[in-house]
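Positions are given from 1, in the same order as the sequence printed here. In listed order, ligands and their atoms are each counted from 1. Treat the numbers as computed from the prediction; the structure is a model and nothing was measured.
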Amino acid sequence: MLANGETLVEPEEQSKYGPAERDLVALGIAVAAIIMFVGAGGAVLPDVVRSALYDGRAPDNILVSIFLLNIALVIFGWRRYRQLREEIETRQRAERQARELSELDPLTGCLNRRSMLAATNRLRLSAHERAQAIAYVMVDLDNFKQINDMQGHSSGDKVLCEFARRVKAELPAEAALARLGGDEFAFAMAYDPALPERVDDIVIRLYESMAATFEAEFTSVELTMSIGLASDHDEHGFNPALGDAEMLMHHADIAMYQAKKQGKNRFFWFEPSMENELRFRNELEAGIRRGLANSEFVPFYEQQVDVETGRLVGFEMLARWRSPSLGLVSPEVFIPVAEEIGCITELSDLLMARAFADASEWNDELTLSINISPVQMRDPWFAQKLLKRLVQSNFPPQRLDIEITESCLHENISMVRSMITSLRNQGVRISLDDFGTGYSSLDQLRSLPFDRLKIDRSFISELSNNVDGHSQLVDAIVSLGRGLNLPITCEGIEDEQILTALQGMGELKGQGYLYGRPEPAERVRERLREQGLLNDSSPRLSAVTVVPKEDNAVPAPKPRISDPHEFLRRAGQ
Ligand code: C2E
Ligand code: MG
Ligand code: MG
């Protein structure tokens, strides 16, 4: 639908019924019959009148018959002509409805993806004639899936209709608005190329109009959106290479993806550099799929120690990708992509199987911590599948610690609770990872049966930055853990100053580069063999020697890049 409420009708199809409408045969019969009627009537009627009034002689039978036949023909021809017109009108109506159904989104009444392409091209041509530019704007609702999942589909539908209504209200009359599918909308509008800020103004007004909550079935919800814009003009004016509707859509899509990546709820105009990034992202996706098939994902292990005594107590498994083209890749780069493309369960299963096999060789008192993605926690059978895998690998559940992040708690909290409970009943322990960086409430901390809190390294690093080696936040989290009877692990112990500060704080577990960087399984086995901590050797647990991190660094085929933006930037070059 156009923003002024008109529907889209293909102009060339309007005259399809022209010849039929002018049904010459039926009309011809009627006209010929009328002419004959006039002719025959002219001859017969005077005879009839004369016979009736003067001489009583019957008129010529043949002429009278022709005259009567004429009348019948006139009636027949005229009725046939009327019938045909009605038939054509009915068919026209049905075809218009069918065309509207195929061109409009039935829920919101907006154009659909197919008709949007045609509408944009038409808009583009007419704008071109008036020396105007075209902006194609892609709008994607953020986290709409959650509304659908948590409030039900009819709530989701209601929100989508209201959303379309609010967008329509902000657009110029001749703009074309489409729902491209699911929660993805787009609009195209002409603008003065000297004043591109007019388009920004409209987009800003859209954000303002979304600030009011949306009424769903039972509750009201808040909605944000990510927007990408593309134009057929660049800084030099009209650029035919940017111009066609498909190209505009593609560019706006790329800009929208950028808005999502930068944290959602924002808008970006397309820039050519974004395309490289997207190309790289596609290569990354393909690489991850290939890597899974070729077993390129491997577990690395980071030591976890008792902060007070320096005793090694276990390892955290951290995934690494040995990519043939990119080198050793950080999980911060590939885990989010694997989550998005639906590979995370397969990846995690593969790594877990290898980690259970590796850890079975270690001393039985050493624990194994494994990170679990929120996406995996959405599977209601997750706990059962994990327990089955433990049985298959013959790995004792008491040695396993599952780390979940606070983002898991936003989703179905009762499901998370029952999952945690099933796992704990079998002896698996559950830690809340990166505590303090997300949104877990004190209520969740109290009501969910966690076994441990892991303080995020961003808090621990304060112990090193502060002159007095003190951090009120760390103090507060440690006392919170003590109050809730939750043991604590401190991440990111990078130097002696941090270690010393933590040593005064009671019983804590710790991990960090001071103890060593994450290492591959072979290196861990070697280390444990040296310390007599492999299963077939003496089970005595020994203290970890603190060595400078360079000595302990993992030789990587290529330098590891832990900042995904840096990674993407460099790889995209
Ligand atoms: P995390 O679970 O909080 O893991 C700790 C991260 O901090 C690791 O980064 C580790 O290498 C790093 N780290 C440890 N000590 C220090 C230190 O002293 N200083 C600094 N600057 N960093 C330190 P990594 O290996 O890049 O992992 C990043 C995140 O990726 C992990 O954070 C975890 O959330 C996720 N992750 C890793 N492996 C997996 C996996 O198999 N599955 C899932 N779902 N997530 C994983
Ligand atoms: Mg972790
Ligand atoms: Mg962590």
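Looking at Asn371 against ligand 1, both its backbone and its side chain come within 4.0 Å, counting heavy atoms. Only the side chain of Pro518 comes within 4.0 Å of ligand 1, judged by heavy-atom distances. Contacts between Asp434 and ligand 1 below 4.0 angstrom, taking non-hydrogen atoms only, involve the side chain exclusively. Contacts with ligand 1 closer than 4.0 Å are made by side-chain heavy atoms of Asp433 only, the backbone lying farther away.
Note on Asn371: counted as a metal contact of the Mg ion (ligand 2), an N/O/S atom lying under 2.8 Å. Counting backbone and side-chain atoms alike, Asp434 contributes an N/O/S atom closer than 2.8 Å to the Mg ion (ligand 3).
Residue Glu491 has at least one heavy-atom neighbour below 4.0 Å for each of these atoms of ligand 1: 3 (O). In the vicinity of Leu318, heavy-atom distances shorter than 4.0 Å reach the ligand 1 atoms 4 (O), 8 (C), 10 (C), 11 (O), 25 (O), 27 (O), 37 (C), 38 (N). Those atoms of ligand 1 that come under 4.0 Å of a heavy atom in Ser373, given as number and element, are 44 (N). Atom numbering of ligand 1 starts at 1 in the shown order; those under 4.0 Å from a heavy atom of Ser330 are 26 (O).
The residue from Gln303, Gln304, Arg457 that alone fulfils the side chain to side chain contact (heavy atoms under 4.5 Å, CB included) condition with Gln511 is Gln304.
Nearest heavy atom pair, residue Asp358 against residue Pro299, reads OD2-CG, 3.9 Å.
Using a 4.0 Å heavy-atom cutoff, Gly492 is listed among the residues neighbouring ligand 1. Within the 4.0 Å heavy-atom cutoff, Lys454 does not count among the residues contacting ligand 1.
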Side chain to side chain donor-acceptor pair (under 3.5 Å) between Glu462 and Ser471: does it pass, once the steps are laid out?
-> CA-CA 6 Å; Glu462 282 192 21; Ser471 155; 3.2 Å; yes
Report task. Mind running salt bridge (charged side-chain N to carboxylate O under 4.0 Å, His left out) on Asp142 and Lys260 for me, showing each step along the way? Result -> CA-CA 8 Å; Asp142 300 328; Lys260 288 266 180 213; 2.8 Å; yes
Chi angles and distances behind the side chain to side chain donor-acceptor pair (under 3.5 Å) call for Asn425, Ser422 = CA-CA 5 Å; Asn425 287 345; Ser422 325; 5.9 Å; no
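We find the CZ-CZ distance between Arg452 and Phe450 to be 13.5 Å, quoted to the nearest 0.5 Å. Note: Asn148 CG to Asn143 CG = 12.0 Å, rounded to the nearest 0.5 Å. Distance CE/Met505 to CD/Glu308: 11.0 Å, rounded to 0.5 Å.
Checked against the Mg ion (ligand 3), the N, O or S atom of Asp433 at the shortest distance is OD1. Restricting Glu403 to its N, O or S atoms, the one at the least distance from the Mg ion (ligand 2) is OE1. For the Mg ion (ligand 3), the nearest N, O or S atom contributed by Glu491 is named OE2. Closest N/O/S atom of Glu316 to the Mg ion (ligand 2): OE2.
A donor-acceptor contact under 3.5 angstrom links the side chains of Glu339 and Ser373, judged on distance only.
The aromatic rings of Phe270 and His251 sit parallel, their planes meeting at an angle under 30°, below the 60° perpendicular limit. In this pair, Phe297 and Trp321 present their aromatic rings parallel. The plane angle is below 30°, not in the 30 to 60° band.
Relative to atom 7 (O) of ligand 1, the option among Glu302, Arg457, Gln511, Arg320 with the closest non-hydrogen atom is Arg457. Here the shortest heavy-atom distance to atom 13 (N) of ligand 1, taken over Phe334, Tyr513, Tyr515, belongs to Tyr513. Nearest-heavy-atom check against atom 29 (C) of ligand 1 across Glu494, Glu332, Glu339 picks out Glu332.
Annotation: Asn394, atom CG; neighbour count of heavy atoms from other residues, nucleotides and ligands within 6.0 Å does not exceed 12.
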